[in-house]
Amino acid sequence: MSTSKRFKPDYTCLERLPNELFVEIFGYLTGVDATYAFSQLNYRFQNLLLNYVNTFDFQSVSKLKFDYITKHHDIQQWQSLCLSNNDQTPGQIRLFSQLYSPLQYLSQLQVLSLINIESKLIVEYFSPLISYDQLISLTIGNICGENMQSLELPSLKRLVINACKHTDWIMNFPHLEKLEFTIKYNCFHGRNPVTLPTTLTQLKIFYIEENDGDNIRTCLRQLSQLTKLILYDKGSRSPLPNGKIWEEIIQSCLPFLKIFQFCFPFQSYHSTSNDMKDVIASFSTPFYLYEKSWFIRCDIDCRYSTGGTLYSLPFAFKEMPINITSFDTSLSTLNANDIDKIKYNSYEKVKTLLFNEKCRMPDQGFLSTYVKQLILKTALPTNWYFTLTNLHHVEFRRTLHMTSLDFAQFLLNSPQLHSLILPISVLMKLTDKFTNNTVCDLLSRQIQSLTISRYFSDEYELGDVSVRLLTSLVRIFNKSCKHLSLAISANPNTILPILRRMKQLRSLHIRYNPWSRSSINNNPISWIEHAPTIIHNSDFIHVTDDCHYYIWFGNQL
């Protein structure tokens, strides 16, 4: 009888793997995750991190990771940095500037992104930027051009901004080639027409047609070097698009234009079916179809008025508005026999659906599995519940005709859903005033970010919650919720003991009304002094104005 052989396991030691393999692994990780995982293990890994990991995006990271990375990596070796003041990381930009001088630590950067930077920090960050001669890409949000006049960046080639129409400062960049510009309309500056550098070769603008349609077209006539033009009209009552106007501008002023992508919503109460045929015909000339191979699709709704959306194919944006009740009446200049029909009839870039109308079913070419965010201004038909299975975020902006039973089915078909924005009245309706155990249990297990918004608000204004309703919220969401935003009018001594049950919180945003009787003599300092958890040096608290209180907790990963 033969004796059974015993084999010694052949373990592969991590240390024996070559450096090239680790560099390859770093390429699949974010700079934050790579540094957090491999830092402080030994000299070899530390050296690899310092030499090959130089891109750091701190959007939505925990306070603990932020502290760890900034302490265990050489900031002066970084080439790309993104800081953010969103609700999940409030005050992050200010905290970084307090710990590390922008002039001393950031002058070597090639890419810099500052999301939702405070106006008070504009001067602090950008007064020394004149010496940032290596910066080639800058992303900055929610700014006024009045504060940017002295900015000079000699090497800048790419600029992404959310700013007012005061654009004179952009003319200071002699080598700017790419610009992505979202025009914000809540600023009193910049009433003059938009002007942009003639050096631009790629331009992407988000605007509102009724405010700036003619202005944008006038500006484009000066940009003769453009090779790529992308336009997104964020308005809802824009006039019917006219392809002849764009054809004339392109032929006469934009001789090098290769890519023209757009999304034009429209609404007209006096248009006829013949008018819509004229719109389609204006984008069906030999210039569009044969010379450029630019195809369009027009989604039309003619119930009460002529409305819909006209857009280039393939759809070029992350957010797609649904302004119709059915795709059955949609028209396209893309011939059914075209070899490239699959290539052009594509929606794979769409990550967010904005429902302005109750549309029955998606189009056949629509890949709903790519959609991660849903914004509802009207009820969502039950047919969509079984197609939007990869949702991460849902926002309710209206009171919708959705029962708690339908909402439970919706949650069951969206296992990845972890973020909600909705008015408290909508949440009460969807949960049967917090008595539906099935819905409440699903919300308790899934939702990690909750924002109570103001009723009928298209902006991120926080909605008021009473003490009684706050108790119900905490009871449901204390298990998994990491980010909470709401408005409340009550004494901190009353509220904070309730919030202490939110053991998983990483960030908290509270807006309170100082004019309300229950908030008299209270200010953000009183909230800070009675924070939901004990405040250590690793926690960072930031107050933006007299009515807002933020805290970014450092005790969670």
Side-chain angles (χ1 to χ4, degrees), residues 30-32 54-61 66 75 78-97 100 102-103 105-167 169-173 175-184 187 190 194 196-197 199-207 228 230 232 234 316-319 349 351-352 460:
T30 66
V32 171
N54 50 38
T55 298
F56 291 88
D57 185 347
F58 289 106
Q59 290 189 86
S60 304
V61 304
F66 176 85
I75 299 175
W78 295 0
Q79 295 183 10
S80 177
L81 172 63
C82 178
L83 299 172
S84 174
N85 278 346
N86 62 28
D87 274 354
Q88 296 185 11
T89 54
Q92 187 183 86
I93 299 176
R94 176 174 292 278
L95 176 60
F96 188 92
S97 66
Y100 310 100
L103 179 59
Y105 287 92
L106 304 183
S107 59
Q108 82 288 346
L109 287 178
Q110 297 181 13
V111 179
L112 175 63
S113 299
L114 300 171
I115 311 301
N116 294 331
I117 187 172
E118 309 158 64
S119 58
K120 296 178 182 179
L121 286 177
I122 294 292
V123 175
E124 182 176 341
Y125 259 84
F126 289 102
S127 57
L129 275 180
I130 189 170
S131 63
Y132 290 15
D133 54 3
Q134 298 187 55
L135 195 67
I136 60 176
S137 176
L138 173 64
T139 299
I140 183 169
N142 295 330
I143 61 171
C144 172
E146 185 74 15
N147 300 321
M148 309 292 287
Q149 292 302 298
S150 61
L151 184 61
E152 295 182 15
L153 301 173
S155 301
L156 193 70
K157 293 186 177 181
R158 179 178 178 269
L159 177 64
V160 180
I161 54 171
N162 184 332
C164 68
K165 292 167 58 180
H166 192 304
T167 57
W169 60 282
I170 303 179
M171 308 300 287
N172 295 334
F173 310 141
H175 299 293
L176 189 65
E177 298 176 359
K178 302 177 182 179
L179 173 64
E180 181 175 324
F181 183 15
T182 300
I183 302 177
K184 70 172 189 176
C187 180
V194 173
L196 300 174
T199 56
L200 291 178
T201 60
Q202 298 185 21
L203 175 63
K204 186 176 186 178
I205 300 186
F206 296 85
Y207 64 103
K228 185 176 183 178
I230 304 176
Y232 194 114
K234 301 286 286 186
F317 304 91
K318 292 183 180 180
E319 180 178 299
K349 287 188 177 181
K351 299 296 184 291
T352 302
Y460 289 104

Checking [X] now: which residues fulfil side-chain contact (heavy atoms from CB on, under 4.5 Å) with it, not counting sequence neighbours?
X: Thr352; result: Glu319, Gln373, Ile375
X: Asp57; result: Gln59, Cys82
X: Lys204; result: Glu180, Phe206, Ile230, Phe317
X: Gln202; result: Lys178, Thr227, Lys228

Rounded to the nearest 0.5 Å, what separates atom [atom1] in [X] from atom [atom2] in [Y]?
X: Asn162; Y: Asn142; atom1: CG; atom2: CG; answer: 4.5 Å
X: Leu81; Y: Leu114; atom1: CG; atom2: CG; answer: 7.0 Å
X: Ile161; Y: Leu179; atom1: CD1; atom2: CG; answer: 5.5 Å
X: Leu159; Y: Ile140; atom1: CG; atom2: CD1; answer: 8.5 Å
X: Gln79; Y: Ile136; atom1: CD; atom2: CD1; answer: 9.0 Å
X: Ile143; Y: Ile117; atom1: CD1; atom2: CD1; answer: 8.5 Å

Does the pair Phe58 and Ile115 meet the rule for a side-chain contact (heavy atoms from CB on, under 4.5 Å), with working shown?
CA-CA 10 Å; Phe58 289 106; Ile115 311 301; over 6 Å; no
Applying ring-ring contact (aromatic ring centres under 6.0 Å, His included), can you list everything that pairs with Phe56, at least two apart in sequence or on another chain?
His73, Trp78
Mind checking ring-ring contact (aromatic ring centres under 6.0 Å, His included) for Phe181 and listing every partner two or more places apart, or none if nothing turns up?
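Expected list: none.
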Side chains of Asn86 and Asn116: do they bring a donor and an acceptor to under 3.5 Å?
no
Could you walk me through whether Leu196 and Leu203 pass side-chain contact (heavy atoms from CB on, under 4.5 Å), step by step?
CA-CA 10 Å; Leu196 300 174; Leu203 175 63; 4.0 Å; yes
What I'd like to find out is whether the side chain of [X] reaches to under 4.5 Å of the side chain of [Y], using heavy atoms alone.
X: Leu112; Y: Ser137; answer: no
X: Phe96; Y: Leu106; answer: yes
X: Gln92; Y: Val61; answer: yes

Quick one: list whatever passes side chain to side chain donor-acceptor pair (under 3.5 Å) with [X], sequence neighbours left out.
X: Thr30; value: Asp33
X: Ser60; value: Gln88
X: Glu177; value: none
X: Asn54; value: none

Of all heavy-atom pairs between [X] and [Y], which one has the smallest distance, and what is that distance?
X: Lys165; Y: Ile183; result: CG-CG2, 3.5 Å
X: Thr199; Y: Leu176; result: OG1-O, 2.7 Å
X: Gly145; Y: Cys164; result: N-SG, 3.4 Å
X: Arg158; Y: Thr139; result: NH1-OG1, 4.0 Å

Between Ser155 and Asp133, is there a donor-acceptor pair closer than 3.5 Å when you use the side chain of the first and the backbone of the second?
yes
Gly31 backbone acceptor or donor facing Thr55 side chain under 3.5 Å:
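Checking the backbone N and O of Gly31 against the side chain of Thr55, no donor-acceptor pair under 3.5 Å is found.
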Could you tell me whether Lys157 atom NZ has more than 12 heavy atoms of other residues or ligands within 6.0 Å of it?
no
